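Right, one structure below, let's go through it.
Atoms considered below: every heavy atom in the structure, side chains included; atoms not considered: hydrogens, waters and symmetry mates. Predicted, not measured: the structure shown is a model, and the values here were computed from it. In what follows, chains are A, B, ... by sequence order, proteins preceding strands, each numbered from 1.
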Protein chains: 4
Amino acid sequence: MGEAIDTAAADRRRAILRAAVVVFAEKGYHGCRIADVAQEAGVAYGLVYHYFRNKEELLHSVFAEGWKRFSSRLAELTAAEVPLREKVGAIVDFAFEAYRHDPRSMRVLILEVARTPAFRDSAKRTAFEDAIGLTGDLIERARARGEVRAGIDSYLAACILFGAVEILLTAFVLGQLDPESDADVARARSTAVEIFVGGVGS
Amino acid sequence: MGEAIDTAAADRRRAILRAAVVVFAEKGYHGCRIADVAQEAGVAYGLVYHYFRNKEELLHSVFAEGWKRFSSRLAELTAAEVPLREKVGAIVDFAFEAYRHDPRSMRVLILEVARTPAFRDSAKRTAFEDAIGLTGDLIERARARGEVRAGIDSYLAACILFGAVEILLTAFVLGQLDPESDADVARARSTAVEIFVGGVGS
Amino acid sequence: MGEAIDTAAADRRRAILRAAVVVFAEKGYHGCRIADVAQEAGVAYGLVYHYFRNKEELLHSVFAEGWKRFSSRLAELTAAEVPLREKVGAIVDFAFEAYRHDPRSMRVLILEVARTPAFRDSAKRTAFEDAIGLTGDLIERARARGEVRAGIDSYLAACILFGAVEILLTAFVLGQLDPESDADVARARSTAVEIFVGGVGS
Amino acid sequence: MGEAIDTAAADRRRAILRAAVVVFAEKGYHGCRIADVAQEAGVAYGLVYHYFRNKEELLHSVFAEGWKRFSSRLAELTAAEVPLREKVGAIVDFAFEAYRHDPRSMRVLILEVARTPAFRDSAKRTAFEDAIGLTGDLIERARARGEVRAGIDSYLAACILFGAVEILLTAFVLGQLDPESDADVARARSTAVEIFVGGVGS
DNA sequence: AATGAATGAGCGTTCATTCAT
DNA sequence: CATGAATGAACGCTCATTCAT
């Protein structure tokens, strides 16, 4: 029974979190009120403060929740024994897939979390740095197998891969690319992988 | 004399704009008050409203000012008759140089303008799209000269180049790379160019 | 068994009341939350509402509890057949002793109850007035025995005695006098009694 | 002209302060909103924050304003060369007169300021202590002229005088005495002076 | 009886914006 | 042009109180 209650509480918490994703995605962090989140979640706004200390912590939690999935997937990929090109493809696929599956979450991750001043420090940066670290490791391993050419810094390369993925996601988010169009998605994916692995040059 | 006054007015306007750059860079668009900008500019806050309709227009103007230089440089590069690798290097150099020269402006461009909801539409996006269009044209021309391999979409490639540059600038802005270190700058530049043109693969 | 339960209930009630004294003394009536009182009492905050209608009634009850002892002692003193100087001394002693014994209760009585707007009417004032009435009676009796000089209004004198005691207690509460110092206590006591009975004049 | 503006600003500030006195007196510090003060002053509530940092500072200022008059009068009295009985009478008169002249200010001083937790420290206590110090000095001088009997501590005596005055004012404030009744006022005054100087004893 | 999730009135405070001087 | 007093919408947050369990 205690568990049932805990679960109910956890459900509520998750409901508010989901509502926050929706609302942040729609109006941005600064453009929405706690009351909007509460309304979207179908609860009184006071309740939000039972589950989250304040608005900022709500955003932090949205991030933490979303990031967890991404970084665990990344860790898997790093360990896998497949060619670099496939790994890079998998990272891009995963990001694109995540966006197709829950565009609003990605929207918040891409447009809000990463750019909120409060997030420019501590935990958040660490999370991004961890992801880059993992990806850098992944590239280092590929180098050990002779898959990476000389003169390429693995960690800067990881950065660049993320930059590429992020800007393509942004293009999807902002509507320059259509996530519903398989052609758009395939083209974006292959261009990202091809450039990252083989460059644009002939 | 009318001109003298106009010039004085223009100076004032520029002073406020400069102050806005400083303050936006320091505390972010949402984290600062018009009064902060005015104080930084050394004027009464009411005066800001003589030169700019409102806070948002101030941010728009900051962007427009900063972007002008960048896009005119881009247009030059597009027209120049040099190999693709050099053009890409020039774009990266220009971005990095701009950051070294006026890190606060870049900070605002990178961390504020691009991510403010209000900017996710209208003029701002057009500006970014123009830049990508120009860069895409540049790549198309290179393709015409046989410098670009098949299967690469020029405009997505332009996106990716911008994503790469942006994330490296972000690394500088957030302190993961040191803009004062020539080694860091050179490594970032060469990695960006090498990956973009030749990929990481061996 | 009904009694056992009643007793348990009464214990709970008393525990909450004691907790209220502690918390009110520490942070003031307006400066604390029901939740603070509950936590101090080691119960869930909802339970407070089983025993007290609301926060204000809690304060009323704290007062009533504390005042009961004081006024019954006062009634005893009134009846006793001892010289006025001794009676006054006993009142002062009693107040000081009460403070040494339970400074937090006195703190609440002195700093909170007497000054809460809600207490400026009804029951509370009556209680104070009763005390003053009793003390006035006490002085009247002394007058009947020739111990009070002409031109002194007994009830105003009672007021003044209370004012003197209260301000000395305040001095203890606020730390200007040290309740642990026997010298301070003795001096305060004798000064109060001497002035009240004999005045400062030579 | 600068002066005219300063004066206008000072007038506004004073108007808000006066309004605060009225409203605090009526509903208590905790029982009123900034908006009430503003309405009473006939200004927008935002304006209150131009002149006072926050609600607490407003109360502090109300106190400071009211106390200034009282303590300067006290300093005069201390210096005067009149018998102790007259000085004590003058202190009591001044306090009563102040109450008759501006009962709401006194109400705030007596019922709010002295009892607000935030005021139980720093500046406020110092002010009270200063007043007691001055009055203690006054009694010490009287002692030097042989007007005070042995065994009386001047500073405790000063405390007690203040306690007596305060409680009588409280009686006026709470309606147990009628400040409009000359008889009540005269009786209260003479009782206070007589007890303080000569005691109740015969 | 006991718990604490849920509610929502209420309020302090901020700050963009206006406008009289 | 320049100033900054004045306005008031807006919002985050608190916390007393209720009530289902």
Donor-acceptor pair present, H50(A) side chain and dA6(E) base, under 3.5 Å: yes
Expressed as a whole number of angstroms, how long is the span from Q39(B):CD to dC15(E):C1'? 15 Å
CG of D11(C) to CD1 of I16(C), rounded to nearest 0.5 Å, is 11.0 Å
R53(B) side chain N/O closer than 4.0 Å to the phosphate oxygens (OP1, OP2) of dA16(E)? no
Rounding to a whole Å, what distance do you find between N54(C):CG and dT18(F):P? 8 Å
With a 4.5 Å cut-off on side-chain heavy atoms, are V22(A) and E26(A) touching? yes
Distance from I34(A) atom CD1 to L47(A) atom CG, nearest 0.5 Å? 11.5 Å
Could you state the atom-to-atom distance from CG of L47(C) to P of dA16(F) in whole Å? 16 Å
Are more than 12 heavy atoms, taken from residues, nucleotides or ligands other than E57(B), located less than 6.0 Å from that residue's CD atom? yes
Output the rounded distance in Å from CD1 (I16(C)) to P (dT3(E)). 9 Å
Minimum-distance nucleotide to A44(C) side chain [options: dA2(F), dT18(F), dG4(E)]: dG4(E)
Specify the separation, in whole Å, of atom OH of Y29(B) and atom C1' of dC15(E). 12 Å
Please confirm whether any donor atom in the side chain of Y45(B) sits under 3.5 Å from an acceptor in the base of dA5(F), or the reverse. yes
Write down the distance between OH (Y49(C)) and P (dC15(F)), rounded to a whole number of angstrom. 12 Å
Please work out which of the three classes, parallel, tilted or perpendicular, describes the rings of F24(B) and Y29(B), given edges at 30° and 60°. perpendicular
Between Y45(D) and Q39(D), is the side chain to side chain contact (heavy atoms under 4.5 Å, CB included) condition met? List the steps. CA-CA 7 Å; Y45(D) 57 81; Q39(D) 189 172 47; over 6 Å; no
The answer to which of Y51(B) and K55(A) contacts DNA chain F further toward the 5' end, by nearest nucleotide, is Y51(B)
Residue closer to the 5' end of DNA chain F, V48(D) versus G46(B) (nearest nucleotide): G46(B)
I need the R12(B) CZ to T7(B) OG1 distance, nearest 0.5 Å. 14.0 Å
Starting from the 5' end of DNA chain E, give me the residue, I34(B) or A35(D), whose nearest nucleotide shows up first. A35(D)
Length of the line joining K27(A):NZ and dC11(F):C1', which is rounded to integer Å: 12 Å
Could you work out which one of dT17(E), dC11(F), dT13(E) sits closest to the side chain of R33(A)? dC11(F)
If pairs are Watson-Crick or G-U with both distances under 3.5 Å, what is the dot-bracket string of DNA chain F, marking crossing pairs with [ ] and pairs to another strand with |? .||||||||||||||||||||
On DNA chain E, compare the nucleotides closest to G42(A) and R12(C); which residue's is nearer the 5' end? R12(C)
